[in-house]
Structure formats: C-alpha cells, structure tokens
Amino acid sequence: MTSLTVHEVLEREHFHHATVLAGKSGLDRRIKWVHVMEVTSVKQLLHGEELILSTGFVWKDNISVFRSIVQQLIQSKAAGLCIEIGTYMDQIPSEIIDLANQYHFPIIAFTREVRFVDITQDLHSLLIAHHYQMISDLEQFSQELNNLLLVPGCLTKILTLLSIKTGMQVIYNPKEAEPIFAPEATEEKKDTFLHFLTIQPEGKGLVLQHVRAMDYHFANLILVPAQHASISDYDMLLLDRSATAIAQYLLRELYIEEKKRVLETEWLYDWMEGKHSEERVLSYLVDVDETLIPRGLHVCTCKFKKHHDTYTSSQMTYFMLLMRSVFEQEGFFVLSLTSRNKLIIIILNRRSEADVDHRLREAFERFLQNDILQKESVPEVEKIGVGKHVRLLKDMHKSYDSSLETLVMNEKLFSQSSIVTYYNDFHIYRMIFQLAKGRELHEFMFDYLDPVLQYDSKNNSNLLNTLKVYMCCNGSKKETAEQLYVVRQTLYHRLEKLEELLGSDFMCSPKRQAIEFSLHAYDYLKQNG
C-alpha cells in the first residue's frame, strides 16, 4: 500500500494530454488533496501535499507574482502545480521552470481545455479509495500481528513483517540487550547504525518509536528510510502498531516470568527462615538471573487496605510487574512471596552500596506516584515497612524481622505518617521498642525522671517539658527561652529546680544521654500505655 503520488495522477485519463514542464525528479511527491486556486497569497491556505489546479489568470501579465506564488507553494510543501495553457497564458517562463527544477517541484501543463471539476472529483474519489484501502490493509496487518503473537519467536517475525510492509531496514534496540536487525544486516552496517544512534539517541534522520508498557521504556523501534525517501503516514501507522504488538509480547513474557516466580516461593520461604547457606542462595540467584551478583538486600513487608485474600493472583502479579519495572531502573532486582496475609518483597541491590539508601527511597517515591496504582485493578497499599540493609544473603531473615518491627513501631509512634516507613529512621526507638517488651524500660525511665514527674504532679507544673526543650537545644539557654516563650530569669529558676531534682551533673555525659533516652521512653510509654 503506497500513497497517491504525482506520478500516479499523470496516469489518470484527465492527464493523458498533460505535459510535465518542470520538476520531473519530484514526481514521487505525495498528494493528500486537490485544490483549485486563483489567488496571489496561498501560503496561509495550505497544509502541505496539495496538488494545485490553476488557469494562471492572476499572474498572466506579471512574472514576479507568478514567481512569488511558486515560491509560496514550494515553501508550503505543495505536491505540484497544474496550469491550463492557452486560456490566459501561452507558455511558462524559463525563470519559473528553472526555479521549479531547483526544488524538484512538478509543474504540469494542460495543453487542451479541461474541466477542473472533473479532475478534482476523480482525484478525490481516488484519494478516498486509497484511504479506505489503507484502513483495510492496516486491519489486515493488525490481524497478522495478532497471529504472530501466538507463535514462538514472534519478536523476530514481527520485525520481519514490518520490514517487508515498509520496504525499509528495521532496528529493534532494547535498553538492556543486543539490537535486532530485520532484515539481517552486515556487521559493518550494524556498527554504522549503532554508532549513529549513539550520537543521535533520538534517531534524528531515522524514524523512531518508543516501545512502552506499564510506563516503562523497554526499547526503541526504528525505521531506516532509503536516502532522500520520505516516510508516509501509512508507514508511521505500521510502525506504531508494531510497537504496540511488541509491548504486548513483552508484557506477556513478563507476566509468565512473574507467574513462574510465584510458583518458586517455597524455596524463598526456607531462605527467609534462614535455612540456606550463603553459597546456596548465590547459586539459586544465578539460576534465576546469571548476571545477578547482589551487594546486600532489603526486605519489605507490604500491607494492603483490604485483606490480602480479597485480591486475585492476576492483581498481585500486575502489582509486582509494576514494582519490578520501577525498581530495576534504580539498580535493584526484586523477588516476592506471601506470608501471613502479607506481601514480602526482597529487594536485591545490583549496584554500589554507597547510595543504596538514596536509590531505594527514590524507587519507592516513583512507584507510589504511578497513576496505575490508583486503578481498581491494582491492590491499594496501606503501609510498607522497609527492613534494615543486610550484606550477607543468608541473613535475609534479619531484614525481614526488622521490616515487621518497622510496621509495628510506625503504628505505635507515627500512625499518620507516610505509606513507606524505613527501619533505619527509628534510631533510638529501635532500642526502646525492644526494651518495652519487658519491665526494664519502665523502670529505667522512672529511675531518671521520677523526681521531675512527682514535682509536676504536686505543683501542677510542666517542668518535664522544660527539660525536653533544654535537651533539644543542647543546653543553649537563649534558644530554650525563645522556644518556651519565657524570659531568661524564669528559665534560670526552672533550671535551678531541675538541678535540685536531678543533680547538678544532669547535663554531663553519660547521665545526660540516659535522661534523653528516658524522655523518649516516656513519650513512647505514654502513647502506648
């Protein structure tokens, strides 16, 4: 299927007595529409690729006007100019012919009287027929793509079909694999194309279509037109539908891969429980992906707003596909399994450990901002607890345990905080959380704060708050007074009382550290008492 060209038009009955006076090298220009024009200013009236019919009446006695009109038609990318000779003008000036030849712009002369209405009707009917034929051919092409998606090795077959239909070299250039050429090219040509794509990543001079799925850019699909050849709208539609078919193929492969991973969860359960040695874990991961050499890992525990069992396996698979597509861009490899109605996500680090925390947070931020998560087809996340980073793979259970603790600590301390909570952000509360399981924390806190608590209770005061602010300000009296909105003399009086209750050395280490710890413990116990 090709577009209607000037050359095809010359074969129509109404053009049997027409003569090409100029621009013979431009007869392959495409024609989208036909216009009759008898005006001096045409540039603003055209969209491009129109064939213009004219009697020459407006420029019959003025060659400068004639030149201006031809220049406007060339600038507007018109397909050509058809002029009726004999009615208003007898010949085309050589200056105009030279100008048209310079820009390969066809000028066609009718040497006999013709009816423009018959020409426009004929050509418009032909254009409409071409359009319907293009739709029919596209539908057939789409059907061929659908059939290819059902057979093995469909990617190469899709590329070959696209090359045959367009008559061009096709390059499939994935982000993380070797490019594929259809038809197969010599090594010299491959190197030339790839070098050019390195210089021009967006394929300037080529025709490039992104292959995208789930908001992830998997590859570029590229057409290489012949020298001086133009790309038709039909070629662009073929390219677009081929890219869509390839995206469907990639999604299917990812889906199959994800389902396979789900079936392999039994081994992961044993790993999570610490039953495998470092060597066995590494051996397993190499079988999963031969390029995978992890530099530590994080385990995340994900809670959804609805019970885990209310979601179908397809929904959970789609959720993990989306997560994997985002995290892989930040240098992570993701595994998953379910346990006790929670989704457990194992995030293996492929890159340097120096920036692993930054990349992990960046990946979660991008993941949660994805519009797909707002759709009903994807499970809605309530909380994600990110465990501590462990270097040894056999210690995965330690990161898992800390991810569970993160969810509990988040609920006890910051129930309204962000969706993703990190174990490393709790600092001293990690120790408080562990000590709170027994009586030690309560006793430790009262050992240091009981005199102040008793004083506040008897005097209906809030000396404890003064102590907190004074500690937070690192003993700065000026800053403490400003934060408490009191004058210096009032603050001095309170500090004297604190020295009386806690001892004059209460700001000396390590007693100060014990008091600061007790203040945090008091807040925790008060909130979770």
Side-chain angles (χ1 to χ4, degrees), residues 253-304 307-328 330-351 353 356 360 363-364 367 379 381 383-409 420-424 430 433-434 437:
E253 291 297 301
L254 286 171
Y255 187 85
I256 293 172
E257 183 181 343
E258 187 64 33
K259 294 288 285 186
K260 181 181 177 182
R261 284 178 174 143
V262 170
L263 296 175
E264 295 173 345
T265 55
E266 183 177 350
W267 196 95
L268 296 178
Y269 280 124
D270 290 340
W271 180 17
M272 186 178 69
E273 294 173 5
K275 295 181 180 179
H276 295 312
S277 65
E278 190 78 5
E279 292 74 18
R280 288 191 64 185
V281 175
L282 282 169
S283 176
Y284 171 81
L285 294 177
V286 169
D287 288 339
V288 173
D289 184 338
E290 61 182 13
T291 66
L292 182 57
I293 305 176
R295 295 175 173 86
L297 62 82
H298 289 82
V299 177
C300 308
T301 301
C302 182
K303 289 178 64 179
F304 298 104
H307 195 275
H308 183 274
D309 292 341
T310 62
Y311 299 112
T312 65
S313 60
S314 295
Q315 287 176 308
M316 296 303 299
T317 299
Y318 194 65
F319 179 87
M320 285 308 305
L321 281 175
L322 176 60
M323 174 171 275
R324 182 167 288 108
S325 69
V326 173
F327 276 70
E328 284 182 353
E330 295 294 338
F332 296 105
F333 187 89
V334 180
L335 297 169
S336 66
L337 68 158
T338 56
S339 176
R340 300 170 188 170
N341 296 321
K342 296 183 182 70
L343 177 65
I344 299 168
I345 305 161
I346 305 164
I347 302 177
L348 297 152
N349 178 36
R350 283 180 178 269
R351 300 180 190 166
E353 287 186 279
V356 63
L360 186 68
F364 270 115
F367 173 67
V381 178
K383 293 289 181 184
I384 298 177
V386 182
K388 65 181 178 181
H389 179 262
V390 294
R391 287 187 172 86
L392 294 177
L393 303 178
K394 66 183 180 64
D395 290 338
M396 191 256 277
H397 61 285
K398 296 180 181 179
S399 185
Y400 169 63
D401 291 341
S402 65
S403 73
L404 294 177
E405 289 181 9
T406 301
L407 289 176
V408 176
M409 286 190 288
V420 183
T421 310
Y422 299 86
Y423 182 75
N424 289 341
R430 290 158 51 184
F433 178 76
Q434 295 297 331
K437 296 175 182 178

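Keep in mind it's a predicted model, so treat the numbers as computed, not measured.
A heavy-atom distance below 4.5 Å is not found between the side chains of Cys300 and Thr406. Residues Phe333 and Leu285 are not in side-chain contact: their nearest non-hydrogen atoms beyond the backbone lie 4.5 Å or more apart. In this structure, Leu348 and Phe332 have side chains that are not in contact, with every pair of non-hydrogen atoms separated by 4.5 Å or more. A 4.5 Å side-chain heavy-atom check between Phe327 and Leu360 finds at least one atom pair inside the cut-off. Residues Leu268 and Ile344 are not in side-chain contact: their nearest non-hydrogen atoms beyond the backbone lie 4.5 Å or more apart.
Interatomic distance, CG of Asp287 versus CG of Leu292, reported as 11.0 Å (0.5 Å rounding). Between Ile345 atom CD1 and Tyr400 atom OH the span is 12.0 Å, to the nearest 0.5 Å. Rounding to the nearest 0.5 angstrom, the gap separating the NZ atom in Lys383 from the OG1 atom in Thr421 is 5.5 Å. Between the CZ atom of Phe364 and the CE atom of Met323 there is a distance of 5.0 Å, given to the nearest 0.5 Å. Between Leu335 atom CG and Trp267 atom CH2 the span is 9.5 Å, to the nearest 0.5 Å. A distance of 8.5 Å separates CZ in Phe367 from OG in Ser325, rounded to the nearest 0.5 Å.
With sequence neighbours excluded, the residues forming a side-chain hydrogen bond (donor to acceptor under 3.5 Å, both in side chains) with Arg350 are Asp289, Thr291, listed by chain and number. With sequence neighbours left out, Tyr423 forms a side-chain hydrogen bond (donor to acceptor under 3.5 Å, both in side chains) with Arg430.
The number of heavy atoms from other shown groups lying within 6.0 Å of CZ (Arg351) is above 12. When the shell of 6.0 Å around CD1 of Ile293 is examined, it contains 12 or fewer heavy atoms from other residues, nucleotides or ligands.
Classification of the His389-His298 ring pair by plane angle, with boundaries at 30° and 60°, yields tilted.
No side-chain donor-acceptor contact under 3.5 Å links Ser403 to the backbone of Val386.
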